[in-house]
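One structure is given below, encoded as structure tokens.
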Amino acid sequence: MAVWRRERETRGNAIAPRTAGCAGLLAALLAVAGCSGTGAAAEDERAGKKNGGGAGAEEVIRRAADLLARSGTSQAHTAMQMASGGTRITIHGEGGFDYGERVGELRVTLPEGGPVTEVFVPGLLYMKNRGAGVPPDKWVRVDVDSLPDGNLVTGGATDPITAAELLRGVRTAADLGEATVHGETLRHFRGVTDIAAAAEAAPTEQSREQLAAAVDGFTRTEVPFDAFLDEQGLLRKVRHQFSYAGDAQGVDVASTVTLYDFGVPVTVALPDAGDVYAGAVA
């Protein structure tokens with residue numbers, strides 16, 4: 001079993017950043033929710049364009065992924081929400097990520113069934129308790145660039161690394177000033193990023209291939225976002241509003257990632273080869 005572990009790095013009392021073939025959970029959730037587009041993404045995009053925003057705000061957003069990569073580790077909470085009429089369904093996830101190694105793990109809770117453990121490594125997603133005929137002690141391994149959305153929404157969560165990488169494709173951004181998030185004062189930015197532009201700007205081959213795979217999986221590549229940064233420019237919360245192509249109808253998906261407890265030890269263990277399911281996954 002391969003294991004990544006990052007211990008806490010501190011300077012005094014402060015965290016010292018480092019300077020250095022699967023249908024997916026979304027399909028099951030759509031079957032439960034019966035979702036269709038709500039128009040929220042269009043409203044958010046219009047708001048971003050109305051507020052405008054200069055090159056300064058765009059550059060701050062564009063740098064967020066690099067600053068996160070140098071921050072070491074953190075805990076993460078994810079929430080993915082879809083709405084149809086008066087019905088609203090949210091998938092929650094909790095876990096830890098090592099941004100230098102670009103690995104992480106989430107425990108994702110679905111509206112129905114047991115929690116799914118997801119392990120993220122460059123280019124791959126491992127899922128346990130995947131269901132659909134997979135033995136409960138086995139993992140499913142997926143090449144993320146084989147998924148029509150690049151795993152931006154398929155797994156029921158947008159992982160923090162990919163959420164930050166998406167911001168490299170920012171088209172417009174506005175600085176909306178200070179906002180209080182979970183008791184902290186952060187800077188609120190609103191804008192529109194582009195999946196295709198983010199793919200071109202991605203720093204690694206795996207990230208480029210993942211985002212490039214997502215270009216055709218959405219009804220549009222423009223993605224409205226709200227990002228909250230601390231005074232050092234470190235990403236603390238980001239919400240993307242995707243327009244997912246889905247089946248016959250487009251689906252608006254709001255995906256939120258919240259980051260906290262920077263510098264905590266994070267251990268990510270890859271499944272052994274014998275624990276990976278070799279059969280077909282429905």
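Excluded from the calculations below are hydrogen atoms, water molecules and symmetry mates; all remaining heavy atoms, backbone and side chain alike, are included.
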Inset, instruction - Step by step, work out the side chain to side chain contact (heavy atoms under 4.5 Å, CB included) result for Arg236 and Glu184. - result: CA-CA 10 Å; Arg236 304 298 299 276; Glu184 292 188 81; 2.8 Å; yes
Inset, instruction - Step by step, work out the side chain to side chain donor-acceptor pair (under 3.5 Å) result for Thr73 and Asp98. - result: CA-CA 4 Å; Thr73 63; Asp98 184 325; over 6 Å; no
Inset, instruction - Please assess Thr117 against Tyr126 for the test side chain to side chain donor-acceptor pair (under 3.5 Å), listing each intermediate value before the final yes or no. - result: CA-CA 8 Å; Thr117 302; Tyr126 292 87; over 6 Å; no
Inset, instruction - Could you walk me through whether Glu165 and Arg208 pass the salt bridge (Lys or Arg N to Asp or Glu O under 4.0 Å) test, one step at a time? - result: CA-CA 10 Å; Glu165 292 291 348; Arg208 277 193 300 275; over 6 Å; no
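Taking OG1 of Thr180 as the start and CG of Leu186 as the end, the distance is 8.0 Å to the nearest 0.5 Å. Summarising the geometry, atom OH belonging to Tyr99 is positioned 5.5 Å from atom CZ belonging to Phe262; distances are rounded to the nearest 0.5 Å. Interatomic distance, CG of Asp159 versus CD of Glu105, reported as 13.0 Å (0.5 Å rounding). A distance of 9.5 Å separates CG in Leu152 from CG in Leu147, rounded to the nearest 0.5 Å. Rounding to the nearest 0.5 Å gives a distance of 9.5 Å between CD of Glu209 and CG of Asp143.
A side-chain donor-acceptor contact under 3.5 Å links Asp194 and Thr221. Looking only at atom types and distance, the side chain of Asn151 has no donor-acceptor partner in the side chain of Thr154 under 3.5 Å away. Looking at Gln241 and Arg239, their side chains do bring a donor and an acceptor atom within 3.5 Å of each other.
Looking only at side-chain heavy atoms (C-beta outward), Leu125 and Phe120 come within less than 4.5 Å of each other. Counting only heavy atoms from C-beta outward, the side chains of Val192 and Val170 never approach each other to under 4.5 Å. Counting only heavy atoms from C-beta outward, the side chains of Val108 and Ile91 approach each other to under 4.5 Å. Within the 4.5 Å cutoff, the side chain of Phe225 has heavy atoms near those of the Ile61 side chain. Considering only heavy atoms from C-beta on, Leu235 stays 4.5 Å or farther from Phe228 through its side chain. Between Trp139 and Val119, some side-chain heavy-atom pair lies under the 4.5 Å cut-off. Annotation: side chain of Lys237 is in contact with side chain of Thr256 (closest heavy-atom distance under 4.5 Å).
Under a 4.0 Å N-O distance rule, the pair Asp275/Lys128 does not qualify as a salt bridge. A salt bridge does not link Glu222 with Arg171: every distance from a Lys NZ or Arg NE/NH1/NH2 to an Asp or Glu carboxylate oxygen is 4.0 Å or more. Using a 4.0 Å cut-off between charged side-chain N and carboxylate O, Glu59 and Arg62 make a salt bridge.
Atom CZ of Arg107 has 12 or fewer neighbouring heavy atoms from other residues, nucleotides or ligands inside a 6.0 Å radius.
Legend: residues meeting side-chain hydrogen bond (donor to acceptor under 3.5 Å, both in side chains) with Thr193, ordered by chain and number and at least two apart, are absent.
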